[in-house]
Participant: 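One structure is given below, represented as structure tokens, and several questions about it will come after.
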Amino acid sequence: MRFYIKRDELGNLTCIGTGPGGTEITEAEYNTLLSEILEKSALVDQLYNGEITIDDVPAEWQEEIQRRVDERISAQGTAEDPEISAEEALNIILGGEA
Amino acid sequence: MSYNTDLQTNNDELQTILNTINALPEVLPEQSKTATPSLSSQIITPDSGKTLSSVQVSAITKELLANLDSDFIAYNIAKDIDLFGLVGTLEASAGGAEISTGEFYIASHVDVDGSNPYSIEHGLGKTPDFAIVVRGSSTSTINSFAAALFVSNSCFSNMSKQAGLSYFSNERTNNGAAYTIPSYAKYFTSEYGCLADETYIKIYGKTGSTINGGNKHFWLAGVLI
């Protein structure tokens, strides 16, 4: 399996993935970046939901996490995707009735 | 008398040797040349008045092969097989289609609109006949998802405002008529649509759309055979 990263024109990491494209990285690098992405995403959720304060976020991430929370708050009017079970999702994909 | 005969004989032999030496070809200056492998055999010859001391032949690289043959692409090589440094992406046929798959995570967020899509390189080397992009949660269990399934290279408008599955048929692209979304496709978001070309699956959105970070996205693209 091929692992890659993509960066924007400023060199900021935009995404990681598997398959073609991007700049190839090792699986170990991919897993390291993935852990960081997931951890940051979880912090955004927690800060957004009020479960933590910004002081609970590692100092080097505080600016980014706060910015992402602020962006999420400004977009709060958008309806969230409804949560469905895996079985319901499979039924939809297979063309069954909703 | 015999001395004169011997001297004459020696002189004759020396003259013969001298003539032989004078008849030897001139020593030409040396030169080196390079050659690049091509589709045809090549004969490397020295320039006029020179002799070849060495010929350096370029290495065969994947870039060279790609320049020599446009079919030397990853999609034409079995998946994970490395040929001259080019790793193949061609997967075994699945029910009459060549399939390419992958996943990705957005690091922070990516803004998309009607002109600026988020592009996923599918590696098929040709426009896929169908593609699926599925967004899962950050865990392995899909709690909510937005998926787009499309056939042919033109696919979106008049989408519902729910997130979920949307289906497009070939008839949709021929006459551009408004499409009636099936009853089960009630979760598709109007903010996302997909197009594809021979390189990318492209996710568009209306102005202000964002693909948020931290979620696992799975994609699949295929060419019917």
Side-chain angles (χ1 to χ4, degrees), chain A residues 1-8 12-24 30-31 33-45 48 61 63-65 67-69 71-72 74-75 77-98, chain B residues 74-75 79-80 87 89 100-111 118-125 132 134-139 141-147 149 161-165 167 182-187 189 191 199-200 208-219 221:
Chain A
M1 182 176 291
R2 179 181 182 275
F3 303 89
Y4 67 82
I5 60 170
K6 287 185 179 180
R7 298 185 182 277
D8 61 18
N12 299 314
L13 178 67
T14 56
C15 85
I16 61 173
T18 64
T23 301
E24 188 170 5
Y30 179 85
N31 289 332
L33 290 170
L34 177 58
S35 295
E36 182 175 320
I37 288 172
L38 296 179
E39 189 174 351
K40 286 181 176 178
S41 179
L43 288 171
V44 169
D45 289 341
Y48 175 80
W61 291 356
E63 180 186 352
E64 176 186 349
I65 301 302
R67 173 179 53 78
R68 290 170 61 175
V69 170
E71 290 172 349
R72 186 169 172 179
S74 68
T78 302
E80 289 187 25
D81 297 337
E83 289 204 358
I84 58 176
S85 67
E87 291 74 19
E88 188 175 359
L90 179 61
N91 185 50
I92 292 175
I93 291 174
L94 294 178
E97 290 297 319
Chain B
Y75 178 69
K79 183 174 171 59
D80 296 331
V87 179
T89 59
S100 178
T101 67
E103 65 182 36
F104 65 92
Y105 292 83
I106 301 297
S108 174
H109 73 278
V110 172
D111 297 325
Y118 177 76
S119 299
I120 305 162
E121 190 168 339
H122 54 67
L124 289 171
I132 301 173
V134 180
R135 186 196 74 186
S137 71
S138 58
T139 66
T141 301
I142 297 179
N143 291 324
S144 63
F145 72 95
L149 170 68
K161 290 192 174 183
Q162 302 294 320
L165 176 68
Y167 169 80
S183 60
Y184 54 79
K186 68 177 182 179
Y187 294 115
T189 174
E191 298 183 347
T199 305
Y200 299 107
S209 297
T210 299
I211 303 177
N212 288 319
N215 294 315
K216 177 178 180 177
H217 294 74
F218 168 81
W219 62 268

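Every chain is numbered from 1, with letters handed out A, B, ... down the list of sequences. These numbers come from the heavy atoms of this one structure, side chains and all, not from hydrogens, waters or symmetry mates. All figures in this text were calculated on a predicted structure; none of them were measured in a lab.
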Participant: Assess A/K6 against B/F104: is NZ or CZ under 6.0 Å from the centre of the six-membered ring, and within 45 degrees of the ring's axis?
Facilitator: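 Output no; distance or angle outside limits.
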Participant: Checking A/L33 against chain B: side chain, backbone, both or neither under 4.5 Å from a heavy atom?
Facilitator: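 The answer is neither part of A/L33.
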Participant: Out of A/G21, A/P20, A/G22, which one racks up the most heavy-atom pairs below 4.5 Å with chain B?
Facilitator: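 Winner by heavy-atom pair count: A/P20.
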Participant: Run the numbers on B/Y118 and A/C15 for side chain to side chain contact (heavy atoms under 4.5 Å, CB included), then give the verdict.
Facilitator: CA-CA 11 Å; B/Y118 177 76; A/C15 85; 2.8 Å; yes
Participant: Less than 4.5 Å to any heavy atom of chain B: does that hold for the side chain of A/R67, its backbone, both, or neither?
Facilitator: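 For A/R67, the contact with chain B is made by the side chain alone.
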Participant: Return yes when atom CD of A/E63 has more than 12 non-hydrogen atoms of other residues, nucleotides or ligands closer than 6.0 Å, and no otherwise.
Facilitator: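 For A/E63, atom CD is not crowded (no more than 12 foreign heavy atoms under 6.0 Å).
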Participant: Shortest non-hydrogen contact from A/V44 to A/I65?
Facilitator: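 Looking at all heavy atoms of both residues, the shortest contact is CG2-CD1, 3.9 Å.
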Participant: Would you mind telling me which of A/I5, A/L13, A/D8, A/T14 has the largest number of heavy-atom pairs within less than 4.5 Å of chain B?
Facilitator: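 So the answer, after comparing A/I5, A/L13, A/D8, A/T14, is A/T14.
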Participant: Check for a donor-acceptor pair, side chain of A/R2 on one end and backbone N or O of A/G19 on the other, with a separation under 3.5 Å.
Facilitator: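 A pair under 3.5 Å: yes.
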Participant: So which part of A/F3 gets closer than 4.5 Å to some heavy atom of chain B, the side chain, the backbone, both or neither?
Facilitator: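 Neither; nothing under 4.5 Å.
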Participant: Quick check on B/T199 against chain A: is it the side chain, the backbone, both or neither that has a heavy atom closer than 4.5 Å?
Facilitator: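 Neither; nothing under 4.5 Å.
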